[in-house]
Engineer: 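Could you have a look at this structure, given as C-alpha cells, before my questions?
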Amino acid sequence: MKSPHFSLLPFLLVVLFSLSGTTLAHSHEDFLHCLSLRSAKSDSISRVIYTQNNSSYSSILDASIQNYRFATPATPKPSVIVTPRQTSHIQATIYCSKKYGLQIRIRSGGHDVEGLSYVSEVPFVILDLLNFRAVEVDTKNKVAWVESGATIGELYYRIAEKSKTLAFPAGVCHTVGVGGHFSGGGYGMLMRKYGLAADHVIDAHLIDVNGRIIDRKSMGEDLFWAIRGGGGNTFGIVLAWKVKLVSIPAVVTVFTVNRDLEQNATKIVHRWQYIAHKLPDDIFTDVTITKVNSSQEGKKTIQAAFKALFLGGVDKLIPLIQDRFPELGLVKENCIEMSWVESILYFGGVSTKSSDVLLDRDALPKQFFKLKSDYLKEPIPESGFEGIWRTFSEKEAEFSFMMMVAFGGKMDAIPETELPYPHRAGNLYQASYLVGWSKEENAESQKYISWIRRLYSYMATYVSKSPREAYYNYRDLDIGTNNNGYTSYAQASIWGRKDFKNNFNRLVHVKTVVDPENFFKNEQSIPPISPPLKKKRH
Ligand SMILES: Cc1cc2nc3c(=O)[nH]c(=O)nc-3n(C[C@H](O)[C@H](O)[C@H](O)COP(=O)(O)OP(=O)(O)OC[C@H]3O[C@@H](n4cnc5c(N)ncnc54)[C@H](O)[C@@H]3O)c2cc1C
Ligand SMILES: *[C@@H]1O[C@H](CO)[C@@H](O)[C@H](O)[C@H]1NC(C)=O
Ligand SMILES: *[C@@H]1O[C@H](CO)[C@@H](O)[C@H](O)[C@H]1NC(C)=O
Ligand SMILES: *[C@@H]1O[C@H](CO)[C@@H](O)[C@H](O)[C@H]1NC(C)=O
Ligand SMILES: *[C@@H]1O[C@H](CO)[C@@H](O)[C@H](O)[C@H]1NC(C)=O
C-alpha cells in the first residue's frame with residue numbers, strides 16, 4: 001500500500017536541505033568574519049585559514065588522512081580548516097566556533113581509525129596542529145617537551161639524535177601523532193618494560209573551552225589525569241606534552257620467526273599464550289597472523305610471525321628463549337642486534353636503514369581499513385584457533401591480520417585507576433584485527449566490514465567479558481557511539497565502559513566540571529552529566 005507520506009518526502013527533503021544550506025553558508029561566512037575580527041593584524045590569521053575556495057584546501061585536508069575509507073567524495077568535508085601557527089589562532093577558533101555553532105575537530109597525526117579528527121556529520125572546522133610540532137629533548141634531565149602535532153617518529157628521531165641510551169615508550173608506527181596517541185594511552189615495544197606513553201607524561205599545556213592556557217599545576221590533578229588516556233577532542237586542546245624519557249641499552253636484539261600451519265603454527269601460537277606475558281620484562285613479543293601462499297602451488301595457509309624486541313644482546317636472548325619457549329625453535333640466524341631507533345624502523349616495516357625516514361610523515365602505506373580490538377585473560381584452546389583459521393580462509397580476508405601483543409611486566413604493576421587506560425593486570429595479551437581492501441573494492445566495503453564483524457563475534461567466547469574490553473585508540477564505532485546532539489550518560493557508558501571500565505565515571509565527572517556544555521565532542525567523547533536545573537526549554 002502506498003503511504004500518503006511517501007509522496008511528500010522528496011518535497012520535505014528539498015526544504016530541509018535548502019534550509020540547512022542557507023544556515024550553513026551563513027554561519028560559515030560569519031565564522032570567517034569572526035576569526036578576522038578576533039585576531040590582531042599581526043596575527044595574520046588569514047594565512048592559516050582554508051575554505052573550499054582555497055586551491056590547497058584538498059591537499060591540506062588529505063595530507064594526514066590515514067584511513068582512505070574517509071577520503072571519498074561522499075565523506076562530509078569541513079567548512080573550514082585552520083592550521084594555527086600561534087595560540088591566539090586556536091583561541092580565536094574556539095571563540096568563533098562556539099559563537100556560530102560549528103563543531104571543532106582537533107587533528108594532530110590524523111591516524112584516528114574511524115576518521116573522527118577530520119569527519120563530522122554536522123557543520124565543522126578542523127583545527128589541524130601540523131604547525132605545532134617542535135620537539136625539545138633535554139638529555140641531562142631525561143625529559144622532553146613535544147608539541148601535539150609532532151609524530152612519534154619525530155620524537156624518536158630527536159631523542160636518538162642526542163642519546164643512544166634514552167628512548168620513549170610509544171607506538172610502533174612512527175607516523176602516528178602524539179596529540180591523539182598520548183590522549184588515548186599509546187603502547188609499543190617498550191610496554192612490558194615501561195608501560196604506556198601516557199604513563200610517562202609529567203606535564204602538559206592545554207587550551208580549555210574558555211580559551212585559557214593551562215598547565216598541570218593550573219589544571220589540577222583530576223584534569224591532568226583525564227587527558228592522559230581519557231581520549232582526545234574531549235577536555236580541551238593539548239598543545240604540548242612534557243614526557244619522561246626511559247633508559248635502554250645501546251644495543252638491543254630483534255627477531256622474527258615465521259611459522260605456517262605445516263610448521264606447527266597452531267601449537268606454537270597456542271603455547272605462546274602461556275609464556276609471553278611471563279617472560280622477563282626486557283622481552284616484548286607479539287604475533288601477527290596473516291593468510292599467505294602455501295608451499296603447495298595455488299594454496300593458501302596461515303602464517304604466524306613471532307616478533308620480539310629484547311633489551312640486551314643476542315647471546316643472552318637465545319638461551320632465554322630456548323629455555324622458556326623451546327617450541328619456537330629460535331636460532332641465532334633469526335636475530336639481529338641494532339640500536340633502539342633502528343628497531344623502530346625494523347618493526348615499522350620500513351626497508352631503509354636511515355633514521356631520517358622517521359621525519360617523513362608519508363613513509364608508511366595508507367589504506368582502506370577497519371580495525372577492532374580485544375583483551376584476553378584466558379588462553380584460547382587449539383580448537384579455538386582452528387575456527388580463527390577458518391575465518392581467515394574466507395576470500396574477504398585477503399588483506400587482513402590478527403595481532404596478539406603480550407602484556408604482563410610493567411602493565412601488571414600499574415593499578416587500573418592510575419590513568420584512564422584500564423587494561424592492566426590480568427591480561428595475557430591484547431588482540432587486534434584488521435581488514436583492508438583496495439580503492440576498487442571500496443564500493444563493496446561492507447563485505448569486508450562484515451567479515452571482520454564475523455571474526456569479532458566468533459572471538460566473543462574467548463575474550464574478556466562484562467565488559468568486553470576494547471582499546472580506545474583502536475577506535476571502533478561498532479561498540480557504541482554518542483548521539484548527535486545530547487548524549488546521555490547511559491548511552492555513552494555502552495562504549496565508555498568497554499574502553500575505560502570504572503574509570504569512565506571519573507572521566508564523566510571531570511568532563512562535567514571542565515566542559516559542562518559539551519563543546520568538545522565527537523561520536524566517542526566523554527559526555528558531561530547534564531545539569532538538571534539548567535533546562536533551557538519549557
Ligand atoms: C597505522 C596506524 C598504526 C597505529 N599504531 C599504533 C601503535 O603502535 N600503538 C598504539 O597505541 N596505537 C596505534 N595506533 C592508534 C593511534 O594511537 C591512534 O589512532 C591515535 O589516536 C592517533 O593519534 P593522531 O594524533 O595521529 O590522530 P588524530 O586523528 O589526529 O587524533 C585522534 C583523536 O585525538 C584527538 N586529538 C588529536 N590531537 C589532539 C590534541 N592536540 N588535543 C586534543 N585532542 C586531540 C582527535 O580529535 C581525535 O579524536 C595506530 C593507528 C594507525 C592508523
Ligand atoms: C583562502 O582564501 C581566502 C579568500 O577566500 C583568503 O582570505 C585566505 O587568505 C586564503 N588562505 C590561504 C592560506 O591562502
Ligand atoms: C568562494 O567563491 C565563491 C565564488 O567563487 C564566492 O561566491 C564565495 O563567497 C567564496 N567564499 C568564500 C568563503 O570566500
Ligand atoms: C611439529 O611438531 C612435531 C612434534 O609435535 C615435530 O616432530 C615436528 O618436527 C614439528 N615440525 C616443525 C616443522 O617444526
Ligand atoms: C601468491 O600466489 C599467487 C598465485 O597463486 C601470486 O600471484 C602471488 O604473487 C603470490 N604472492 C606472494 C606474496 O608470493
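Order of appearance sets the numbers: ligands from 1, and atoms from 1 within every ligand.
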Engineer: Where is the nearest protein heavy atom to atom 10 (C) of ligand 1: which residue, which atom, and how far?
Structural biologist: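 Result: H181 CE1, 3.2 Å.
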Engineer: Any idea which part of Y471 is under 4.0 Å from ligand 1, heavy-atom wise: side chain, backbone, both or neither?
Structural biologist: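 The answer is the side chain.
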Engineer: Applying a strict 4.0 Å limit to heavy atoms, is R105 in contact with ligand 1?
Structural biologist: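 No; R105 lies far enough from ligand 1 that no heavy-atom distance drops under 4.0 Å.
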Engineer: Would you say the ring centroid of F31 lies under 6.0 angstrom from that of H33?
Structural biologist: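 Not under 6.0 Å, so no.
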Engineer: Less than 3.5 Å between some nitrogen or oxygen of I49 and one of ligand 2, yes or no?
Structural biologist: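 N/O-N/O distance under 3.5 Å: yes.
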Engineer: Look at atom 6 (C) of ligand 1 and say which protein heavy atom is nearest, naming residue and atom and giving the distance to 0.1 Å.
Structural biologist: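 Of the protein heavy atoms, Y474 OH, 4.0 Å lies nearest.
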Engineer: Centre-to-centre under 6.0 Å for F284 and Y194, is that the case here?
Structural biologist: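 No.
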Engineer: Would you please determine whether F235 falls within less than 4.0 Å of ligand 1 on a heavy-atom basis?
Structural biologist: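 The answer is no: ligand 1 sits nowhere under 4.0 Å from a heavy atom of F235.
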Engineer: I'd like the name of whichever of R107, H205, H111 reaches closest to atom 27 (O) of ligand 1 through any heavy atom.
Structural biologist: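 Minimum heavy-atom distance to atom 27 (O) of ligand 1 goes to H111.
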Engineer: Applying a 4.0 Å heavy-atom criterion (strictly less than), which segment of S108 is in contact with ligand 1: side chain, backbone, both, or neither?
Structural biologist: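 The answer is both, backbone and side chain.
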Engineer: For G232, is at least one N or O under 3.5 Å away from an N or O on ligand 1?
Structural biologist: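 Checking ligand 1 against G232, no N or O pair falls under 3.5 Å apart.
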Engineer: If you measure from each heavy atom of G186 to ligand 1, is any distance below 4.0 Å?
Structural biologist: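 Contact present.
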Engineer: Do you see a protein non-hydrogen atom under 4.0 Å from atom 5 (O) of ligand 4?
Structural biologist: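 Neighbour list for atom 5 (O) of ligand 4 is empty of protein heavy atoms (cut-off 4.0 Å).
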